[in-house]
Amino acid sequence: MKPIIPLLISSFFLIPGIVHAGLKQFAPKIVNYIGSIEVAGLYEEDNNDSSNANSNNSYSTKETTLQQFLNVSAQGYIYSPLFITFNTSVGGGLQEENVDENGDRYRTIDYATKYKAQLKILPTHPYHLDIYALRETPIVGGRRANRGSVVIYEYGLLAQYLLRPWNGRVSYTNHRYEGSSSSRYDDYQLDLTYFQDDVNASTGYTRNDSDGYNNTTVRDLYYVNLGKKFNHLQVNGRWDKDKQDQQYDADKNQKSDSDYLRETWFGEIRAELPKNFKSTFSYQKNDNIYHYQQHESKTTSSNTNDNYNLFLSHRLFNSLATSVNSHYMTNKSNGGESEQKSVQGSSNYVKKIPWGKFFFGLLAGRSDFDNTGAVNNLFERHGISSTGSSNDQPYTFTLNFRNVDKNSIRVSLIDHHNNNLLIKLIEGIHYLPPVPYDNTYRIRIISLPPGLADPIEFIEDYQYQADYAFIPADYTLRTDNWGYSTSIAFFDDLVTPHYNYNQIDQKVIDGLYPGETNSSTTHAVGISFNYFPFRGDVTQSRYRSNTRDEDRLTAYLNYIKNFTTFTEGRLNLTYENIDSTDYNYGIAQSDISEKMYSVQAQLLTNIPTKSLTASLNSVYSFYDGAGDTTSWSIFSTLNWHIGRMDLNITANYSNSESTTGNSSTNTEYTTVRFYIKREIF
């Protein structure tokens, strides 16, 4: 028994040593570290002058912000690169800001710190986990930006399983923005996908909970996708549900609450038939409920629409392609219901000729629309431009349908940086009262609401949504349309004359139609050319109807020049001249002439051997019509890696002058950003 005592004593000292040796294997091991000095700066100048018959307003701001950082980063692993890898960085420094607002100057100096820590657990395995946390002190710019020090905190995790046929993902993100105003959002996502041979399926759930800038929003999204492919058959299905609740409470005069629920069912069957026939049958059902309350006024809109679509196509060799599309739609809402039946056929013929290629296309269709009461039209999406488009003035969009009840129009902004959240806009603050245009209404956006995920973007960077109801009426409207187009491409598309004709005839089959039916003809003749490096087109169109006459001349010219192997230049010229007259029961209501010019020049350089990319982009546009708008801008970038130094510079200048009636606005905006990083070890 005596030998046991020394064994126990030695074990007392040996076991901790073994444990210590085992734990030592889990000590972090750094494989690379970098120390750097970083300098970042921003200069902004914003000048705005506006005047009308009653007042003159102007403001001018200049802001210079400078940051200096000492940053240390390290990469390494724990136990093994196959077990845990990490990437960390810590930076500290100062931020100085000088501001001049209409002659009122002030200066601030704050500490600026940042860090980022990221762990990857089992990074090379089919199942792995990523965890991160960060703090940033960015230089925030933009006309609507918060001045002073801004801090961003964010942390999250991502767990994935990637082993065919399964692909699963769970993620969570918490984001906080702290400055003169604060905001935060929590984002939860769950996705699961199955893919094996000819079967694919996926399902997911996303929740977004955000608040800030007097705006609180909760959004839940669900989806399920299914697909199966057979020999000559493809079957697809989808279900998704989108629910959003929002409260906006800037003050007692702007308080609003809204919520909507949108549920969609979709099914599709695609078949390859004998004799070069193909067919697609699809069905889609949408259920929409929308509540909106502002002050004491509350409105509820809802609709349920069913869409059936059958498409049949046939190709005869490479010359003749024919298709027939049949569509049936019903729309039921709390104010009325409608039914639409339509059939559309088209045929395209292409034939090679001795000097080129001949094309002829023919189309014809009929649609019957039966309406009872006041049907709701929800979730109509629009994009806008700062220079306008062929149908709209700058910063405007026109509703898709006629006979709209003006009092029912609601406009929202779609924040694509924040999970496509809908942010309700307020009439008179964010957009002007709707203006009648061609038997419908035109909306002009004048400002953006606070609380956007990216406060630097501008009006034209977003999409907008319109929801509205039609004027109550009972009627059946028939629309017949037919037309043809022809062109001859000579000498491999060198010169292509083209002509297009389209005719629309509407008549009331039953009931009383509110407003005027549309009977119109359109002629368009032009010539295009393609002779590298030039490409262009000139087209003259003539539109005549009982509600609107329009003559339109459009032209564009594109030029591409390769100066060197790494440098390319582009020049785009566009011109549009529109003369139009609107009628109301044969009486001219407005007569307007519009002209639009646009010039865009680009110079792009990319030299991989020198780690250099640079670009210079300039745009000039002019609109002369219901007011005058002249705008031009220059935007340039430079990214260069020189030895142990990185250099990034962006500069932007824009100027806009607009006059409408007795009102005029002149804006001028300049930004220069730079970032320099120099490795010191």
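- Taking Ser520 as the reference, Ile504, Asn518, Tyr543, Ser545 meet the side chain to side chain contact (heavy atoms under 4.5 Å, CB included) condition, with sequence neighbours excluded.
- Ring-centre distance between Phe401 and Phe470: below the 6.0 Å cut-off.
- Taking the six-membered ring wherever Trp is involved, the centroid distance between the rings of His382 and Tyr464 does not fall below 6.0 Å.
- Between Tyr308 and Tyr328, the two ring planes are tilted [angle within 30° to 60°].
- Residues Asp220 and Arg207 are paired through a salt bridge, judged by an N-O separation under 4.0 Å between the basic side chain and the carboxylate.
- Each of Asp510, Asp505, Asp368, Asp370 was scored for a salt bridge (charged side-chain N to carboxylate O under 4.0 Å, His left out) with Arg478, with one residue passing: Asp368.
- The closest side-chain heavy-atom distance from Tyr260 to Gln246 is not below 4.5 Å.
- Every side chain to side chain donor-acceptor pair (under 3.5 Å) that Ser664 has, sequence neighbours left out, goes to Ser51.
- When atom types are taken as modelled, the side chain of Asn546 and the backbone of Ser519 share a donor-acceptor pair closer than 3.5 angstrom.
- When Asp549, Thr547, Asp591, Asp551 are each tested for a side-chain hydrogen bond (donor to acceptor under 3.5 Å, both in side chains) with Thr581, only one passes: Asp591.
- Between the side chains of Asp187 and Gln189, at least one donor N or O sits under 3.5 Å from an acceptor N or O.
- By the side chain to side chain contact (heavy atoms under 4.5 Å, CB included) test, Asn174 is found to be paired with Tyr155, Tyr172, Arg176, Asp186, residues two or more places apart in sequence or in another chain being considered.
- Around atom NZ of Lys332, no more than 12 heavy atoms belonging to other residues, nucleotides or ligands sit under 6.0 Å away.
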